[in-house]
Amino acid sequence: MSRKPSFANLRDRTLPESVVATPVASQTVAQTQNQAGGPGATSGPASRQGRKQIAGFFTPEMSFAMHTLARRQGRSLQALMAEAFNDVLRKHGESPIGD
């Protein structure tokens, strides 16, 4: 059984020739590409600008434990993950990066 396609996969696709050749109502090709997630796209929240997503698949127990710890400490899951990644970097003799 195959997985449902994700709309996130569409970000890496280029626009068809017909769309690039005839921009819609006063939009330039660059504006069209930015809205479609093409080259030079700058959409998204300001808090994500200049950042890259790191994702993984974990057991429901691990997810629950990490979310519970984050709530107890009043921190975000992202902050806990950054701390964990920095600990791994230190363990292997690398400099921690920060958040």
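Values below: every heavy atom of this structure, side chains too, minus hydrogens, waters and symmetry copies.
How far CD of Gln78 is from CD1 of Ile54: 9.5 Å, rounded to the nearest 0.5 Å. The OG atom of Ser76 lies 10.0 Å from the NE2 atom of His67; values are rounded to the nearest 0.5 Å.
Taken together through direct or relayed side-chain contacts under 4.5 Å among Ile, Leu, Val, Met, Phe, Trp and Tyr, Met81 and Ile97 form parts of separate hydrophobic clusters. Following chains of ILVMFWY side-chain contacts shorter than 4.5 Å, one can reach Met62 starting from Phe85, so the two form part of one hydrophobic cluster.
Of all heavy-atom pairs between Met66 and Leu77, the closest is CB-CD1, 3.6 Å. Between Ser95 and Leu89, the shortest heavy-atom distance links the atoms O-CD1, 3.9 Å.
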- Message: Evaluate Glu83 against Arg75 for side-chain contact (heavy atoms from CB on, under 4.5 Å), listing each step before the verdict.
- Response: CA-CA 11 Å; Glu83 181 182 340; Arg75 299 170 64 189; 2.8 Å; yes
- Lys91 vs Asp87, side-chain contact (heavy atoms from CB on, under 4.5 Å): CA-CA, chis, key distance, verdict: CA-CA 6 Å; Lys91 175 182 173 185; Asp87 288 347; over 6 Å; no
- Task: With side-chain contact (heavy atoms from CB on, under 4.5 Å) as the test, would you mind laying out the steps for Gln73 and Leu80 before giving the verdict?
- Result: CA-CA 10 Å; Gln73 292 188 355; Leu80 287 181; 3.6 Å; yes
